[in-house]
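Worksheet: the structure to be examined is printed underneath.
Chain letters run A, B, ... following the sequence lines, proteins first and then strands; every chain starts at 1.
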Amino acid sequence: MCGQVAMIFQGVWTNNMIRQFAPGLEFGCAPWPAVRPDLADFAMAEADMVAIPRGSRHPKEAWEFIKFIGSNNPQARSLDELVGMELLCYLQEKNSPLRQWSPFFARHHPHPYIELFRQLAERPGAVHTPKIGIWADFAAEQDEVFDKVRLLIQSPAEALAFCQARVADRWAEHRRSLARHGLYADMASARLLPDAGHPSPAIGYPFP
Amino acid sequence: MTSREKRDLRCGLAFCVPWLIGLGVFTAYPVAASLFYSFCDYSVLQTPVWIGLENYRRMAGDTVFWQSLKNTLFYASLSLPLGMVVSLSLAVLLNTGVRGMTVFRVIFYLPAIIPVVAGAMLWLWIFNGQYGVLNWALRPILGLFGQTPPTWLADPAWAKPALVLMSLWGVGNSMVIYLAGLQDVPKELYESAEIDGASRWGRFWHITLPMISPVIYFNLIMGIIGTLQVFTQVFVMTGGPEGGPARSTLFYAMYLFSTAFYDLRMGYASAMAWVLFVLIVALTILATKLTEKRVYYS
């Protein structure tokens, strides 16, 4: 970011940070590089979840806020006409998760590369992170792969092999734990772990 | 027992009860529970399921567990002796009776009362590879030899030595204990040694060190316990429980913490805690055995 970095792996929100901390920085955005054509245009789509906890002191106001966030004006032609999700995404300089964007949002978005993110989100390479309890553990393991490769400690193949073995072990342990607590649907096969019928999630999901 | 004695006993027990309740609820029960959970598959959110020794067996094959232990022992083996030498040296210097000594004592003790997180943030900037004051000072010196300073916390080879260096910042507590020990050494021993022609080094080696040997032993044991449980400053300085870069600063307590509170594997974390406890007890016994003939109690 200060003349010594050629490329960073980041998300749509980085424009906001650049504007605040390095205004005037010349930069461009591109999809993650891929050497295999079938892995092109990979993008991770993550979303925040809004909930009203039981015992909330202002549930009505919270529900109004959720309704506002869920609202949209697909005809908006000025900032004043933006509402709900698009207004939030406009102020955060992110792409809208809605399929249809209003004319104002699409043409006057503060992020100069917002169209790229929109296209990425619409392509088959866009995936959501697996909804499993131990995803955070997997993600941390993949961060280690980045560290080892970036610092030339291990080759990508070595680092990924280590990560794959560890993730597979954690996945098997997690399923055994679910089975012990009666929470695993296929308890009979869970007891026989590891088995070929329940492969562990591949590293770099959804890569094969 | 007279009625007065019975009343005194009841009164005494009543005064003890709050402490006993505290001991039971906040110490004895958690310790016993963690021992039980170490034999269970327990995620906090579900009821524990007994799995015998499986957590301990998994630990034996967990490469990250061994890496965290190796990192911790590396840190302890450097930080502990260095810390003891530096704090003793400072205590000796601060015991010389030079004018304005109180001011010097306050200055050297001051870092020990700075909150750990604040100190860690300060050192984070000191070690900054690009803008840090340490590299600002080192760059021209190393430049004479065509070298550049390391990036410290961003370099897996230098991250642990950087943390060892930082640990010396907090030697104030042990320094004060050494200082108290040094002031208890009888002056007449030095006087008679001086009459016998003992040099300064001779007086230090043959009088000071043996006389403060219980204090050295105490600081050694406290140091073993403290360095094997190092957590807060590393957690703050390396940005979380993974101990980056590339797990080079993943210490035992951090791995235990992330296992318990990030992965919610409380059973495995409890087993790790008990292994650490056994390790500390073993090292304490070893240190006691190795020093028992060199520690003198008057």
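Among residue pairs with one or both ends in residues 234-254 of chain B, those qualifying as salt bridge (charged side-chain N to carboxylate O under 4.0 Å, His left out) are A:Glu141-B:Arg247, B:Glu242-B:Arg247; sequence neighbours excluded.
For A:Phe104 and A:Tyr90, the ring centers sit closer than 6.0 Å to each other. Checked against the 6.0 Å centroid threshold, B:Phe65 and B:Tyr252 count as a close aromatic pair.
Heavy-atom distances place the side chain of A:Ile153, and not its backbone, under 4.5 Å from chain B. Interface remark: B:Leu264 contributes no atoms to any contact with chain A (heavy atom separation under 4.5 Å). With a 4.5 Å cut-off on non-hydrogen atoms, A:Phe162 touches chain B through its side chain but not through its backbone. For B:Pro241, no part lies near chain A; criterion is any non-hydrogen pair under 4.5 Å. Only the side chain of B:Asp62 comes within less than 4.5 Å of a heavy atom in chain A; its backbone stays farther off.
Note on ring orientation: taking the six-membered ring where Trp is involved, the planes of A:Tyr113 and A:His111 are perpendicular (angle over 60°, cut-offs 30° and 60°).
Here the straight-line distance linking atom NZ of B:Lys160 with atom CZ of B:Phe251 works out to 6.5 Å at 0.5 Å rounding.
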